[in-house]
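Here the structure is laid out as structure tokens; the discussion comes afterwards.
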Amino acid sequence: MKNILVTVDFDKGEELIIEKAYQMAKAFGSKLWLMHIAAPDPDFVGYDVGPEYIRESRASELRKEHRLIQQYSEALKNRGVDTEGLLVQGATIEMIIEESKKLNVDLIIAGHHDHGFLYKAFVGSVSGEIIKKSKIPVLIVPLD
């Protein structure tokens with residue numbers, strides 16, 4: 001296992017996922033790719049971006065997410081693991097699958113939040129979709 005992709009959603013529990021990834025990387029001498037998928041730009045999904053304050057707010061949010069992923073990456077580097085942080089915009093599942101192929105990933109680590117029936121019926125489960133669509137082994141870390 002030379003390359004491990006770790007998905008981070010900043011929804012809570014990312015420290016647990018990152019710690020599990022650290023343990024795996026140390027055990028196998030792997031490189032970690034910490035990746036956060038940011039929502040696509042509004043114009044990409046068919047909406048106008050609106051007034052400038054909306055664009056500035058979105059840019060500020062992206063800068064914050066980028067800083068966070070870089071901080072996690074630096075902390076892992078300081079602990080002796082080769083790590084890179086990635087902030088990618090797009091559709092979550094598709095970007096995880098696409099980036100895992102590009103990076104020649106051997107394992108994907110993702111978290112799983114337990115949600116109720118209605119949430120699952122209307123929104124679905126990211127971790128479940130990764131398992132369905134990935135040809136790469138997936139490790140799911142329960143977060144609840």
Exercise: identify the closest heavy-atom pair between Ala38 and Leu87: CB-CD1, 4.0 Å
Distance (rounded to the nearest 0.5 Å) between Glu19 CD and Arg79 CZ: 4.5 Å
Residue pairs involving residues 10-39 (criterion ring pair (Phe, Tyr, Trp, His ring centres under 6.0 Å); sequence neighbours excluded): Phe10-His36
Lys77 NZ to Glu84 CD distance, which is reported to the nearest 0.5 Å: 6.0 Å
Candidate pair Lys133 and Glu94, rule side chain to side chain contact (heavy atoms under 4.5 Å, CB included), full reasoning: CA-CA 9 Å; Lys133 294 184 177 182; Glu94 290 78 9; 4.1 Å; yes
Main-chain N/O of Ile109 paired to Thr7 side chain as donor or acceptor, under 3.5 Å: yes
Least distance between heavy atoms, Ile69 atom then Leu86 atom: CG1-O, 4.0 Å
Distance, nearest 0.5 Å, that separates OG1 of Thr92 from CD of Glu129: 11.0 Å
Residue Lys31 excluded, over 12 heavy atoms near NZ under 6.0 Å: yes
Candidate pair Leu5 and Ile136, rule side chain to side chain contact (heavy atoms under 4.5 Å, CB included), full reasoning: CA-CA 10 Å; Leu5 178 67; Ile136 298 165; over 6 Å; no
Asn3 (side chain) donor-acceptor with Asp106 (main chain) under 3.5 angstrom: no
Gap between atom OG1 of Thr83 and atom CD1 of Ile4 - 0.5 Å precision: 10.0 Å
Nearest heavy atoms of Leu32 and Ala25, plus distance in Å: CG-CB, 3.7 Å
Closest contact, heavy atoms only, Ile108 versus Ser134: CD1-OG, 3.7 Å
Spatial distance of atom OG (Ser73) from atom CE (Met35) [nearest 0.5 Å]: 13.5 Å
Closest non-hydrogen atom pair between Ile97 and Ile130, with its separation: CD1-O, 4.5 Å
Glu61/Lys64 ion pair, N-O < 4.0 Å: no
Donor-acceptor contact below 3.5 Å, side chain Ser100 vs main chain Val105: no
Minimal non-hydrogen separation, Ala21 against Val6, with atom names: CB-CG2, 3.4 Å
CZ-CG distance between Arg63 and Leu68, expressed to the nearest 0.5 angstrom: 13.5 Å
